[in-house]
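All values below were derived from every heavy atom in this structure, side-chain atoms included, with hydrogens, water molecules and symmetry-related copies excluded. The sequence lines fix the lettering, A, B, ..., with proteins before strands; numbering per chain opens at 1.
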Number of protein chains: 2
Amino acid sequence: MVGSMGNSFMDSREEEEEEKTELLWPEELELANGKASESNGAGEDRAIVLGRNMHTVSFAIKEPESDDELTGEREGYMASVLAKYRKSLVERTKHHLGYPYNLDLDYGALSQLQHFSINNLGDPFIESNYGVHSRQFEVGVLDWFARLWELEKHEYWGYITNCGTEGNLHGILVGRESFPDGILYASRESHYSVFKAARMYRMHCVKVDTLTSGEIDCMDFRAKLLDHKDKPAILNVNIGTTVKGAVDDLDVLIQTLEESGFKDRFYIHCDGALFGLMLPFVTRAPKVTFKKPIGSVSVSGHKFVGCPMPCGVQITRLKHINALASNVEYLASRDATIMGSRNGHAPLFLWYTLNRKGYRGFRKEVQKCLRNAHYLRDRLMAAGVGAMLNPLSSTVVFERPKDEGFVRRWQLACEGNIAHVVVMPSVTIEKLDDFLDELVAGRSAWYRDRSRPSPCIAAEIGQENCHCSMHKK
Amino acid sequence: MVGSMGNSFMDSREEEEEEKTELLWPEELELANGKASESNGAGEDRAIVLGRNMHTVSFAIKEPESDDELTGEREGYMASVLAKYRKSLVERTKHHLGYPYNLDLDYGALSQLQHFSINNLGDPFIESNYGVHSRQFEVGVLDWFARLWELEKHEYWGYITNCGTEGNLHGILVGRESFPDGILYASRESHYSVFKAARMYRMHCVKVDTLTSGEIDCMDFRAKLLDHKDKPAILNVNIGTTVKGAVDDLDVLIQTLEESGFKDRFYIHCDGALFGLMLPFVTRAPKVTFKKPIGSVSVSGHKFVGCPMPCGVQITRLKHINALASNVEYLASRDATIMGSRNGHAPLFLWYTLNRKGYRGFRKEVQKCLRNAHYLRDRLMAAGVGAMLNPLSSTVVFERPKDEGFVRRWQLACEGNIAHVVVMPSVTIEKLDDFLDELVAGRSAWYRDRSRPSPCIAAEIGQENCHCSMHKK
């Protein structure tokens, strides 16, 4: 199963059956792979290959005793569990590098609102009868993003989603409703939610090859388009792939569609989960804008912006929404969202941060992230560790550390032989130095035996970036 | 469009086209219906028929001036917006009756965790590499619900969702993956997310009639099953319908399926958004349990339990999940959820409440809700207002108040000629008295002109409950 990410979803529905037989529980996998428990960095014995069943460490809910209110024991128990948990969050937050979440949160002024049950039911632009909502903030945030991506107020529709996945599910659904017999094209390195959408929506999905950088291979896209000339195209464009942070070339993709005879028969969804918000602030980066013929853009709110819970922003053209929406009188609202009931706190967090930082603040933070990413890449290379950094990205890809305990400690996301660090505003030079020192010390232990050197990762990051014994200059 | 809830979704995919042409913006609707702005309770002029565009009242995000940090003006502006918003939340929370949300929230001990970016990526039972999660609480909550619905730890799978809609989307998807050519059956009074799922998943959906109580009509279900004998059945069972709080008869439905030759060819999803958690504590209520051949149960966490953001609990049989899950190495986790990234705060809120209240606490609260619901129904009837209360329910249905300002002020959910109040733990006798006093005063003004009496709602709630001039005893 290792390294199978690109293959575990079907290219066509026929492969579905085959896939099902492949699925095993992690315990079974470990047995199948002959792997036993390994020791993690902290020295405990635990199975870490594909995680473990959480039943063993969960906090059970205990029925209160009838005299609990008198003795206060219950309150004491809960307080101690929560205090311990808080301590572990502090520690885990400190050692976090692998996922693109900005953990620098300062939302003091919002704590007064935490105990309200804020729910933005249905459409953000139409008030529902439920009064405890935060639509006035949500629409403020949406307006800001529509301006960023150059779509007029009266021409856009959008909402604040629960996460990047919901954005992709929505964008692809809008595409399918616009072209019911359309084929979904997505590069192999697209986020897994894109392939999940294809399966949910019963769409024919064609996977397109990628370059070593992680970018979609436009030549392969052209060839695959020509194989299916009779059906409209629904294309997922990655504005920062999950693993390598690669940005697909929107302009070349549009040109390819038009040259292949798909003019007015395509829909483009831009998955900008991470870089959709960073790219506008990168000098010389290609522009994501609704002045180009794209249908929707989604971005995550808990990544670069930073928000204590997953959330995202979805912007699409108003004209597409009529293909999707249905009038539901119960809410006195029209529901074109996926989720219906929506977390009303997320818009408050986003509104607060956008107001505080503004375009200027984000530009500064993006520059800092790119600078720190270059620093990390350069220091890795200098230490003899193969590494790659795409030009528009703050995601540094490098050889997967051999010790899984180390991987867990630094919460690195891995795929096959590679791992990555996503440099977010909360990732400082000091944190990177700590990480590098530990990595270098670790490697000298892991690769002490010269007959078993570090693996070649030229296939994943290119020969010029690989530092294995064969490719070392 | 008024009263069209039951008809605005398609029975079969062929009707889709027809539906699209029906969709209008609220502004267009108002013009089409010849309605102008009405005055609301507070005396302002505004269009309230189907809400209004939020652009007019949203809080725009302003780019900070470069000297803002020095002058503190920015902080001052934001603090004043938030303080005003807080005041409106207090007022709106006080006057809330129509939606099934428990607004009694007391989560003091959790405020220390609000600024952590807690994300439960992927499967709750398999730890991901991202360390800032709350799976240990999530699984504790899931175990509690699995026990409530009588499914063994090693036989269940589940997760904490973003809302009741996600539970329905998940349950119906599991059903479809179990029976790819199955037909979805759901009563006309099912939540709109059920019909949304059918459309998203490209499933053939058959709507089943309902009784006046809102319960599914089992005779009609039997007839419709026999019309489609060749295809497996995927059935949505309502444990409390949205509008009337009606509970479908699970036992009779299972018997109907088996007698109609569907043994081993059906999947049942129980939508227990509201009553899934209340029903177990109602004396003599039929039991929702996995000892019966059901596939999944979902319940909302922000309703009866009370949680500051929408969330829900989804429990299904572990064996079904293999039809859905895919191994995704990126997360070192297997993702069988809809959303992937999930709010890690919601499990903490649920864990906290379940621990504090326990089964005993919930039983007390359910009894209080039912008592107060009877009080409301009796007082409405005594005041000459037609009203209905289903035996297992705390949802009181009555004639829609004539003044839309009144409807908005009390945040009543309405459909056609009826409105409802969902009696939650936060709805006290005092609140109900205030509401009743205002309603009685309002009615004597609205129906002063005897030639235009209150409308007959016998069709919606039954002759025996209607108090119109024709049915008054």
Side-chain angles (χ1 to χ4, degrees), chain A residues 1 5 8 23 51 53-54 57-61 63-64 78 86 89 92-93 99 101 103 105 112 114-117 119 125-127 129-132 135-137 139-140 144 162-163 165 192-193 202 308-310 322 325-330 332 339-341 343 345 354-355 358 411 413 415, chain B residues 1 5 8 23 51 53-54 57-61 63-64 78 86 89 92-93 99 101 103 105 112 114-117 119 125-127 129-132 135-137 139-140 144 162-163 165 192-193 202 308-310 322 325-330 332 339-341 343 345 354-355 358 411 413 415:
Chain A
M1 201 61 82
M5 185 185 178
S8 68
L23 295 169
N53 194 300
M54 289 294 300
V57 292
S58 69
F59 296 119
I61 289 162
E63 187 66 4
M78 288 166 63
R86 187 180 186 284
L89 288 182
R92 298 272 68 200
T93 297
Y99 293 81
Y101 309 139
L103 304 184
L105 306 179
Q112 54 177 329
Q114 289 314 299
H115 64 286
F116 290 101
S117 179
N119 188 340
F125 299 99
I126 305 172
E127 221 175 316
N129 281 349
Y130 182 61
V132 187
R135 281 179 170 73
Q136 57 277 56
F137 295 90
V139 172
W144 190 91
N162 285 296
C163 56
T165 290
Y192 70 94
S193 58
R202 294 188 152 163
M309 68 270 294
N322 288 335
S326 289
N327 243 306
V328 177
E329 202 201 355
Y330 177 67
M339 279 300 140
S341 281
N343 182 348
H345 293 274
L354 297 183
N355 250 312
Q411 301 160 56
E415 191 183 81
Chain B
M1 200 61 84
M5 184 183 179
S8 67
L23 295 169
N53 194 299
M54 289 295 299
V57 292
S58 69
F59 296 120
I61 289 162
E63 187 67 3
M78 287 166 64
R86 185 179 187 285
L89 288 182
R92 298 272 67 199
T93 297
Y99 294 81
Y101 310 139
L103 304 183
L105 306 178
Q112 53 177 329
Q114 289 314 299
H115 65 287
F116 290 100
S117 180
N119 188 340
F125 299 100
I126 305 172
E127 222 175 313
N129 282 348
Y130 182 61
V132 187
R135 281 179 171 70
Q136 57 277 56
F137 296 90
V139 173
W144 191 91
N162 285 296
C163 56
T165 290
Y192 70 94
S193 58
R202 294 186 153 167
M309 67 269 296
N322 287 335
S326 291
N327 243 305
V328 177
E329 203 202 355
Y330 177 68
M339 278 300 140
S341 280
N343 181 350
H345 293 273
L354 296 183
N355 250 312
Q411 301 161 56
E415 192 183 81

* **Residue, of A/G358, A/S193, A/A60, A/G131, that accumulates the most heavy atom pairs under 4.5 Å with chain B** =>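 Top option by heavy-atom pairs under 4.5 Å: A/G131.
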
* To do: Answer with side chain, backbone, both or neither: which region of A/T93 has an atom nearer than 4.5 Å to a non-hydrogen atom of chain B?
  =>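 Its backbone and side chain both get close to chain B.
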
* Between A/H345 and B/P308, is there a donor-acceptor pair closer than 3.5 Å when you use the side chain of the first and the backbone of the second? ->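 Side chain of A/H345 to backbone of B/P308, a donor-acceptor pair under 3.5 Å: yes, one is there.
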
* Asked: What pairs with A/N343 under side chain to side chain donor-acceptor pair (under 3.5 Å), at least two apart in sequence or on another chain?
  ->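 For A/N343, no residue satisfies side chain to side chain donor-acceptor pair (under 3.5 Å) once neighbours in sequence are set aside.
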
* Asked: In terms of heavy-atom pairs under 4.5 Å with chain A, which of B/T165, B/L354, B/N355, B/L89 leads?
  ->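 Most heavy-atom pairs under 4.5 Å with chain A: B/N355.
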
* B/M339 side, atom CE; A/M339 side, atom CE - distance, nearest 0.5 Å ->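 One finds 3.0 Å between CE of B/M339 and CE of A/M339.
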
* Minimum-distance pair of heavy atoms, taken over all atoms of A/R86 and B/F116 ->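 Shortest heavy-atom contact: CG-CE1, 4.1 Å.
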
* Return the set of residues passing side chain to side chain contact (heavy atoms under 4.5 Å, CB included) with B/S341 (not counting sequence neighbours), or none when no residue passes. =>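 Side chain to side chain contact (heavy atoms under 4.5 Å, CB included) check on B/S341 returns A/Y101, A/C163, A/H302, A/P310, B/N119, B/L121.
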
